[in-house]
Amino acid sequence: MIEYLLLLPAFPIVFFSALIFEGIDRKVHARLQRRIGPPVLQPLYDFVKLMHKEQLIPVTASRRLFIFAPVIAVAVSILVASFLVSNALIFTAGGDIVVGGDLLLIIYLITMVSIMMMVGGLASGNPYATVGFGRKMTLLIAYKIPLVLSVMSLALHPAFSLILVDIMSFQVNAGVMLAVSSPSKILALITFQTCLPAAAETVPFDIADAKSEIMSGILIEYGGPCLAMMKLAKSTMTFSLVFIAATAFLHVPAFLDLSFLEQVGNDALASVLAGIITWGFIMATSLAVLVLSITMPRSILARVKIGQAFKYHVALPLSLAIAAVILSIMTL
Amino acid sequence: MYKSETTMTDPTRIIPVHYDCFKLPFGPVHPALKEPISINVTVKKEEILDVDIRLGHVNRGIEKLAQSRNLVQAIHLIERVCGICSHSHTTCFVQGLEKLSSIDISVKAAYLRTVLFELERMHSHLLLLGVVAQEIGFTTVFMHAFHMREHILDLFERLTGNRIHHAMNVIGGVRWDLNPGLVSSIHVSLNVVESSIKVLRDAFKDKTAEKRLCGVGRLDPSDALGLGVVGPVARGSGLVIDARKDNPYAAYKDLAGAFSVITMQGKDAYSRIEVRIQELFESINIIRAALDEMPAGSLEKCENPMRLSRKVPAGEVVSAVEAPRGELFYYIKTDGKDGLSRLHIRTPTFANIVALKDILVGGEIADIPAALASLDPCISCTTRMIVLGEN
């Protein structure tokens, strides 16, 4: 149990990285639209400001659920991201302790965040939130199955497990990114990437909190600290997803040759430098995944309707995921 | 941090929500609405069963105000009916007065009115295309459209000194002339805007945009004719209605060869948007033709508008122009003493908003913003007077 204390240093890293990732996402989105855009730290400013606002609770709301849903959502999302970050940190530092569970648990905890946000919206008693709840439920069913299948297909290979550190060490030992190691892994990565916009709830799949249609849907009654927590939960969830893609599928440091660091002379310094470079590459890959599979679609596409989104997810990611599973069983 | 003691105190104000079939208030305050209009939609899950439209949140009493002013002041007031088609309103009003007092404006003045008219159509259509893109979550196109619109607004500023309310029309002509430098800068801006509109046209051919607009808000030609819709809404349903061709004014008689009436057969929101994109190209053609065919020489000096306004005889006249949103109609009754005894304005939105029920019922909640925006409603211009209750 004592190794769970290793989660503690990951909390601030997760908090700041998630908000800064959101800031970079907004900045790139703005530059793609020929706008200057907000400062990169804007989500952090928003968080601090919202935390100082008054908390209003509508009379139609069921009070306890309305307040506790965002709290649980934010707690779970930070916990999930900390599992990922602390494991990756320990791995880059050369340690062999595994904190927490496997990728399946992580995916289910991410689902928990979405569900808590839905529950909070429904607890507000607003008809728009009701519509948003229905939409989010449908979307959740649509993207969650391919997402889980794509992660599960990793474990169907005899040499693999679902523990993140095992997957990362496999990549380092083989000297190749998992995503390009076999056809089934390529399919699994594509499935994961195509599910990302829906999982991160951005355009074209921000159907559940579409501003111009249902006035932000489930978030309509939220303001002040609860809204700050909802927003933090959402950006942390996005961060976790891109972090999974960057470490489990696209571990770039796997094929980096860091032997030039031996010229430093000092072994301790060399290993610290290697750790920093590896960590930098992991974060850079996460950012690249964020920009390419979340920011770009949201800049170049319009919001689709819920029926269309469902059809899309059944047609493309689900069939890809099934193909990935079948190929994995055939050990391709 | 502080906490308020009470939020909403009266428990009788809570309306129970029935989750299978309930009323969704869409407005008067809603992110998809730029102006207040109340649309109560009865929905069953995502399907719309019934629509109830209420106008009247922003009645400004402009007709009544105009009746208490002299004619020159009234032009100023009427320009402020709409912030987007301000030139259409003054043109319509002024040409009615000119018809009453049998004034023939100079050919160059007529051309200048036409140039402004088409520039105004361009900036109105660009604004709407941006708004539609925003409603369907396509913010990049929204930014692009508004970026282009700036070129047109800058042109307005250089032509008339004002970006929105141009104050260009006076009784008997226009206020400002063009010089060769301005003509060339109009050409330069038009070239820039034309290439950008092509990008916009391609952006609306995006698969997701098509999915959101095709088949949404269908309005059959027979229904469109029965409801009496005008402008791009009617033309999107395949009706050939355009006051510029049917009832030419300003310089449109001379320029009739330079443009054609755009109609689309799709009958849905997408074809209404497509009509407007094509009309942008037609507007560019009209402006180019007008600048080429415009009589050389400077603008003829017309009589003092104050003196002309006092010479307007008592009588009544109707006047119509093709505003960006459709046919704009004025009924003007003068008292012969430099005043108005009755003014009635029928804006194109007043004709088009009645189609809202037909295009929404049977659709989904997600279609409301796109279908509503495809009508290009201008609520403040439309709201005239409300009658509450039967008596």
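By convention in this document, chain letters (A, B, ...) are assigned in the order of the sequence lines, proteins followed by strands, and residues within each chain are numbered from 1.
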Minimum heavy-atom distance between Ala302(A) and Phe138(B), given as atom pair plus value: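 What the structure gives for the nearest pair is CB-CD1, 3.7 Å.
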
If you look at every heavy atom in Phe26(B) and Tyr128(A), which pair is closest and at what distance?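 For Phe26(B) and Tyr128(A), the tightest heavy-atom pair comes out as CA-OH, 3.7 Å.
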
Region of [X] in contact with chain A, defined by heavy-atom distances below 4.5 Å:
X         : value
Val216(B) : side chain
His30(B)  : both
Ile365(B) : both

Under 4.5 Å from a heavy atom of chain B, the part of Leu301(A) involved: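 Looking at Leu301(A), backbone and side chain both touch chain B.
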
Say whether, by atom type as modelled, one donor and one acceptor occur between the side chain of Thr208(B) and the main chain of Val304(A) under 3.5 angstrom.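 Flag not set: sc Thr208(B) to bb Val304(A) has no pair under 3.5 Å.
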
Hey, could you give me the CE/NE2 distance between Met143(B) and His29(A), rounded to the nearest 0.5 Å?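 NE2 of His29(A) is found 7.5 Å from CE of Met143(B).
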
Between OG1 on residue Thr140(B) and CD1 on residue Ile300(A), distance to nearest 0.5 Å: 8.5 Å

Using the side chain to side chain donor-acceptor pair (under 3.5 Å) rule, pick out the option among Arg35(A), Gln33(A), Arg303(A) that qualifies with Thr139(B). Gln33(A)

Can you tell me if Phe11(A) has over 12 outside heavy atoms packed within less than 6.0 Å of its CZ? yes

